[in-house]
Peer 1: 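A single structure is presented below for examination.
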Number of protein chains: 2
Amino acid sequence: MDRHTAQRQAIREVFQAARRPLSPPEVLQRTAARLPQVGQATVYRTINRLLEEGWLRPVLQPGGVTCYELAGLDHHHHFRCRRCTQVFDIPGCLLGDPRKRMPQGFKVEDHEVWLFGLCQACAKAAP
Amino acid sequence: MDRHTAQRQAIREVFQAARRPLSPPEVLQRTAARLPQVGQATVYRTINRLLEEGWLRPVLQPGGVTCYELAGLDHHHHFRCRRCTQVFDIPGCLLGDPRKRMPQGFKVEDHEVWLFGLCQACAKAAP
DNA sequence: TTATTAATGATAATTCATTATCATATAGAG
DNA sequence: CTCTATATGATAATGAATTATCATTAATAA
């Protein structure tokens, strides 16, 4: 049976409030702001449960930690700030039709676009 | 001082022959075809040296092992086969201008495009 | 050819993210 | 309210990639 706990509720609300992909340490930090005693094992366990439920999905960074975002968002891409390493959503799709450039016989099923640079806050702080 | 060894030469030739990014285990396997006694430590050490020399550059996969490719190739993107996990080059750039979709104040410096699906060999084998 | 010193190979150690363990706390059924 | 099974928190263990160690090998300067 599935019990409703303060930890799970808080972690869900953290993701809903973030509006961007979060890493497990980020989830821990934000959840601990409300439940200071929360442990990282609970964060990992809850993330895994929310993945199984289809409420979250993984965001696999090139050369970065795995983050998680709400499942069911519209197709979009991601931006990572090289200074603060936070990941942000870029709405819409930036990709042209890949098929015209593919080698013969390759079947494209999915794609990802990653943008890198400075986020608004870091661009101001380190111009 | 820099000594010329059969291992280094072989590893360089493996990268030049591959024409796609290689993971350290792939480099080890291909190098061992010529130098059966080669150790993985030598592969890692040599890759690091070739990176420092600017002869290789890292290819960081989303959710995959780090691969390496020849530095100085023209701008291109990458395809990963979900069946054999090999990475292939996609020549040219598939990206539209990202600036029109960026949130205010973000500075885009770089980008990556990843395509996923089945490579030619795997598409034939598992249709 | 010899001496020296960098490179190698085998393997131990490290790192970092994630998972397992287990005693305790607590949600929710009755 | 009481009971029981699930969830939690602290921490140990794991797994995978990479790096360090060190005795041995071998490239190259003299």
Side-chain angles (χ1 to χ4, degrees), chain A residues 1-15 21-53 55-69 78 80 82 84-87, chain B residues 1-15 21-53 55-69 78 80 82 84-87:
Chain A
M1 169 207 337
D2 221 57
R3 292 181 178 177
H4 180 270
T5 67
Q7 288 86 343
R8 263 175 220 173
Q9 181 59 24
I11 289 171
R12 262 194 257 256
E13 288 170 12
V14 160
F15 275 108
L22 297 178
S23 66
E26 286 174 327
V27 176
L28 177 61
Q29 183 186 355
R30 287 163 182 235
T31 307
R34 293 205 233 170
L35 299 173
Q37 80 293 353
V38 71
Q40 67 162 11
T42 297
V43 168
Y44 277 104
R45 271 188 299 239
T46 304
I47 287 172
N48 282 337
R49 176 178 294 243
L50 295 173
L51 288 169
E52 285 163 20
E53 290 176 5
W55 196 84
L56 283 180
R57 72 170 173 196
V59 176
L60 304 170
Q61 298 192 56
V65 296
T66 300
C67 292
Y68 302 91
E69 67 181 4
H78 293 113
R80 179 173 68 219
R82 68 167 157 85
C84 68
T85 76
Q86 290 183 117
V87 177
Chain B
M1 172 206 335
D2 221 57
R3 291 181 181 178
H4 180 270
T5 68
Q7 289 86 344
R8 261 175 221 173
Q9 181 59 26
I11 290 171
R12 262 196 257 254
E13 288 170 11
V14 160
F15 276 108
L22 297 177
S23 66
E26 286 174 327
V27 175
L28 177 61
Q29 183 187 356
R30 288 164 181 236
T31 307
R34 293 205 233 170
L35 299 173
Q37 78 294 354
V38 71
Q40 67 162 12
T42 297
V43 168
Y44 278 104
R45 271 188 299 239
T46 304
I47 286 172
N48 283 337
R49 176 179 295 243
L50 295 172
L51 287 169
E52 284 163 20
E53 289 175 6
W55 196 84
L56 283 180
R57 73 171 173 196
V59 176
L60 304 170
Q61 297 192 57
V65 297
T66 300
C67 293
Y68 301 91
E69 68 182 3
H78 294 112
R80 180 174 67 220
R82 68 166 157 84
C84 68
T85 76
Q86 290 183 119
V87 177

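Only heavy atoms go into these numbers, but all of them, side chains included; no hydrogens, no water, no symmetry mates. Order of the sequence lines sets the chain letters (A, B, ...), proteins ahead of strands, with each chain counted from 1. Note that the structure is a prediction, hence the values are computed from the model and not measured.
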Peer 1: For the pair made of CD in B:Gln9 and C1' in C:dA6, what is the distance, rounded to whole Å?
Peer 2: 18 Å
Peer 1: To the nearest Å, give me how far apart CZ (A:Arg49) and P (D:dT8) are.
Peer 2: 8 Å
Peer 1: Please report the distance, rounded to the nearest Å, between CG in A:Leu28 and C1' in D:dT8.
Peer 2: 13 Å
Peer 1: Counting side-chain heavy atoms from CB outward, which of D:dA20, C:dT19, C:dT18 is closest to A:Asn48?
Peer 2: C:dT19
Peer 1: Would you say that A:Gln7 contacts A:Thr46 through its side chain, given a criterion of any heavy-atom pair below 4.5 Å between the two side chains?
Peer 2: no
Peer 1: Between atom NE2 in B:His4 and atom P in D:dT25, what is the gap in whole Å?
Peer 2: 22 Å
Peer 1: Please tell me which of A:Gln7 and B:Arg45 maps to the more 5' nucleotide of DNA chain D, matching each residue to the nucleotide holding its nearest heavy atom.
Peer 2: A:Gln7
Peer 1: Would you mind reading off the distance between A:Leu51 atom CG and C:dA17 atom P, rounded to a whole angstrom?
Peer 2: 18 Å
Peer 1: So, does the side chain of B:Arg3 form a donor-acceptor pair with the base of C:dA6 at under 3.5 Å?
Peer 2: yes
Peer 1: Out of D:dA27, C:dA10, C:dT19, which nucleotide sits closest to the side chain of B:Thr5?
Peer 2: D:dA27
Peer 1: Report the residue (B:Gln40 or B:Asp2) whose heavy-atom-nearest nucleotide on DNA chain D is the more 5′ of the two.
Peer 2: B:Gln40
Peer 1: What is the separation between atom CG on B:Leu50 and atom C1' on C:dA7, rounded to the nearest whole Å?
Peer 2: 14 Å
Peer 1: Of all heavy-atom pairs between B:Pro62 and A:Leu60, which one has the smallest distance, and what is that distance?
Peer 2: CB-O, 3.2 Å
Peer 1: Is it true that, when you exclude A:Gln29 itself, more than 12 heavy atoms of the residues, nucleotides or ligands shown sit nearer than 6.0 Å to its CD?
Peer 2: no
Peer 1: Taking all non-hydrogen atoms of both residues, which atom of B:Glu26 and which atom of B:Pro21 are closest, and how far apart?
Peer 2: OE1-O, 3.8 Å
Peer 1: Please report, rounded to the nearest Å, how far the P atom of D:dT24 is from the CD atom of B:Gln37.
Peer 2: 18 Å
Peer 1: Measure from CD on B:Gln61 to P on D:dA16 and round the result to the nearest Å.
Peer 2: 17 Å
Peer 1: Verify the contact: side-chain N or O of B:Tyr44 to OP1 or OP2 of D:dT18, cut-off strictly under 4.0 Å; return yes or no.
Peer 2: yes
Peer 1: Would you mind classifying the nucleic acid contact of A:Arg8 as base, sugar-phosphate or nothing, using non-hydrogen atoms under 4.0 angstrom?
Peer 2: sugar-phosphate
Peer 1: Under 4.5 Å between any side-chain heavy atoms of A:Glu53 and A:Asp2, yes or no?
Peer 2: yes
